[in-house]
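In what follows, chains are A, B, ... by sequence order, proteins preceding strands, each numbered from 1.
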2 protein chains.
Amino acid sequence: MDPLAIPEIVIGRLPLYLRTLDLLASQGQTVASSQELGSRLGITSTQIRKDLSYFGEFGKQGTGYDIQYLREQLRSILQVDRCWDVALVGAGDLGHALVNYADFERRGFSIAAVFDKDRQKIGRRIERFEVLDAVTLPEVIKERRVQIAIIAVPAGEAQEVADMLVNAGIKAILSYAPITVTLPEHVRVHTIDPIRGLQSMTYYLNPDQS
Amino acid sequence: MDPLAIPEIVIGRLPLYLRTLDLLASQGQTVASSQELGSRLGITSTQIRKDLSYFGEFGKQGTGYDIQYLREQLRSILQVDRCWDVALVGAGDLGHALVNYADFERRGFSIAAVFDKDRQKIGRRIERFEVLDAVTLPEVIKERRVQIAIIAVPAGEAQEVADMLVNAGIKAILSYAPITVTLPEHVRVHTIDPIRGLQSMTYYLNPDQS
DNA sequence: TAGATTGTTAATCGATTAACAATC
DNA sequence: TAGATTGTTAATCGATTAACAATC
């Protein structure tokens with residue numbers, strides 16, 4: 001099946017399904033119905049079955065899904081049955097938090113190198129990494145054929161860093177800078193902006209606060 | 001207009017518009033068309049005009065939008081023309097990064113207190129905050145009538161923390177724990193899971209990596 | 001067998017966009 | 001006036017869901 005024939009919104013939900021199955025597996029559960037997954041995620045069972053049906057038939061009537069098997073299938077579909085090297089740009093507080101984030105490894109990613117352009121930070125250690133000079137970024141990324149990067153620099157530097165990453169061959173970027181970066185369309189970008197989430201919740205809040 | 005009559009997906013885009021207008025304003029620009037906003041955000045100008053039309057008429061034919069005026073209007077709609085107190089739970093690396101995140105203040109939020117349950121962390125300082133014992137969370141939140149909280153604790157503790165927050169009166173939660181927390185429907189939750197974003201990009205990546 | 005649940009079709013629902021009159 | 005752009009309607013497009021046969 002052509003990967004692009006499947007709606008992006010469906011692809012966006014698969015990691016949610018996988019995450020939920022991981023949780024159930026860690027609790028020792030071996031089988032789950034679309035009903036159970038749905039109620040845990042707050043979506044309908046029909047939607048889950050429909051989403052999965054784009055890729056094949058993974059369940060058993062009357063029973064549900066074998067958790068182990070469906071996890072394997074989803075990992076294969078999402079290509080996280082391998083481990084992807086990730087370049088991290090920005091060795092500030094957020095960079096530190098990301099280096100220490102244990103979930104990356106468990107879920108298919110491994111930080112391969114940490115860069116910063118600040119003289120104060122270059123050469124310092126963050127856990128197992130030495131912070132590398134950002135000018136060496138292109139060669140390191142090219143040499144190691146890294147395809148994924150995380151941007152954890154201030155908003156004002158993010159576009160410049162993104163351009164540099166793309167020139168070095170990066171194909172997917174997770175950006176923590178609260179701006180919309182503009183890139184060639186063959187490069188995928190996900191932006192994490194915590195304020196965006198907060199601001200769309202305050203819309204619904206009661207105005208009376210002390 | 002009844003706030004609930006407007007599609008949530010529209011509300012979700014307003015912070016994007018505001019963020020872009022903030023950027024343009026900081027560059028000294030005074031007027032912007034829906035066309036310009038759209039091309040910066042990668043969405044159509046029609047969609048922007050349609051979204052804004054739920055709330056009123058803010059533009060001028062032939063000219064576009066007065067940036068200053070539209071910012072004020074959007075801030076008012078989103079209720080970020082005031083500053084909201086936010087309780088932060090979790091004083092680890094991520095908590096540190098959030099305390100130091102300058103954008104909160106500029107965009108309508110102010111961290112009011114930091115909590116942790118770890119004896120090692122309680123009493124320590126993070127910038128201007130003393131880390132408070134999580135058992136004091138209900139009283140502090142109730143007393144200060146805080147409505148918003150950020151969860152920055154490990155996944156295994158997140159549901160418990162969320163329940164505690166809701167009992168204390170919290171109405172909106174931004175969670176960095178990679179699980180789906182289950183809460184009463186009058187409470188809004190936004191979950192930030194960086195791996196989710198990465199996993200939906202690897203789907204499209206070329207499998208050949210060194 | 002009876003009960004449960006899948007996978008899929010067709011209907012419904014909702015969001016996006018093309019088109020355009022209004023007007024600055 | 002001519003050109004540009006808004007606000008809005010109606011058409012289109014795409015996503016969700018109800019319904020149900022198949023089957024474990």
Could you run down the sub-3.5 Å N/O contacts of the protein with nucleotides 16-19 of chain C?
{"from": "C:dT16", "atom 1": "OP1", "to": "B:Arg13", "atom 2": "NH1", "distance (Å)": "3.0"}
{"from": "C:dT16", "atom 1": "OP1", "to": "B:Gln47", "atom 2": "NE2", "distance (Å)": "3.4"}
{"from": "C:dT16", "atom 1": "OP2", "to": "B:Arg13", "atom 2": "NH2", "distance (Å)": "3.0"}
{"from": "C:dT16", "atom 1": "OP2", "to": "B:Gln47", "atom 2": "NE2", "distance (Å)": "3.1"}
{"from": "C:dT16", "atom 1": "O5'", "to": "B:Gln47", "atom 2": "NE2", "distance (Å)": "3.0"}
{"from": "C:dT17", "atom 1": "OP2", "to": "B:Thr44", "atom 2": "OG1", "distance (Å)": "3.2"}

Note to self: Strictly distance-based, threshold 3.5 Å: is any side-chain N or O of B:Gln159 a donor or acceptor partner for the main-chain N or O of B:Thr182?
What the structure shows: yes
Next item on the list: Assign B:Ser45 to base, sugar-phosphate, or nothing according to its heavy-atom contacts below 4.0 angstrom with the strands shown.
Entry: nothing
Note to self: Within the 3.5 Å criterion, strictly below it, is a donor on A:Arg40 or A:Thr20 matched to an acceptor on the partner's side chain?
What the structure shows: no
Note to self: At a heavy-atom distance below 4.0 Å, what parts of residues 61-73 of chain B sit against DNA chain C?
What the structure shows: B:Gln61, B:Gly62
Next item on the list: Round to the nearest Å and state the distance from A:Ile6 atom CD1 to D:dA15 atom C1'.
Entry: 15 Å
Notebook entry, point to check: Which heavy atom in A:Gly90 sits nearest to a heavy atom in A:Val153, and how many Å separate them?
Noted result: CA-CG1, 3.8 Å
Next item on the list: Please list, by residue number, the residues of residues 19-33 of chain B whose heavy atoms come closer than 4.0 Å to an atom of DNA chain C; answer none if no residue qualifies.
Entry: none
Next item on the list: Grab the two heavy atoms, one from B:Ile111 and one from B:Val99, that are nearest each other, plus how far apart they are.
Entry: CD1-CA, 3.9 Å
Check: What is the base-pairing partner of D:dT6, counting Watson-Crick and G-U wobble geometry with both distances under 3.5 Å?
Finding: C:dA21
Margin query: Apply salt bridge (Lys or Arg N to Asp or Glu O under 4.0 Å) to residues A:Arg19 and A:Asp22 and explain how you reach the verdict.
Written below: CA-CA 5 Å; A:Arg19 194 177 78 183; A:Asp22 287 345; over 6 Å; no
Notebook entry, point to check: Between C:dT5 atom P and A:Lys60 atom NZ, what is the distance in whole Å?
Noted result: 14 Å
Margin query: Nearest whole Å is fine: how far is C:dG14 P from B:Glu8 CD?
Written below: 13 Å
Next item on the list: Can you measure from CG (A:Leu16) to CD1 (B:Ile179) and round to the nearest 0.5 angstrom?
Entry: 12.0 Å
Notebook entry, point to check: Does any nucleotide pair with C:dT16 by Watson-Crick or G-U wobble geometry, both distances under 3.5 Å, and what is it?
Noted result: D:dA11
Check: Is there a donor-acceptor pair under 3.5 Å between the side chain of A:Ser76 and the backbone N or O of A:Glu72?
Finding: no
Note to self: Between C1' on C:dA22 and CD on B:Glu57, what's the gap in Å once rounded to a whole number?
What the structure shows: 11 Å
Margin query: We want to know whether A:Asp51 and A:Gln47 form a side-chain donor-acceptor pair, criterion being a heavy-atom distance below 3.5 angstrom.
Written below: no
Checklist line | Over all atoms of both residues, closest heavy-atom pair of B:Gln199 and A:Leu78 | finding: O-CD2, 3.5 Å
Check: Once you round it to whole Å, what is the distance between P of C:dA15 and CD1 of B:Ile11?
Finding: 11 Å
Margin query: Rounded at 0.5 Å granularity, tell me how far CG in B:Leu41 sits from OG1 in A:Thr180.
Written below: 4.5 Å
Next item on the list: Starting at CG of B:Leu198, measure out to CZ of A:Phe109 and round the result to the nearest 0.5 Å.
Entry: 4.5 Å
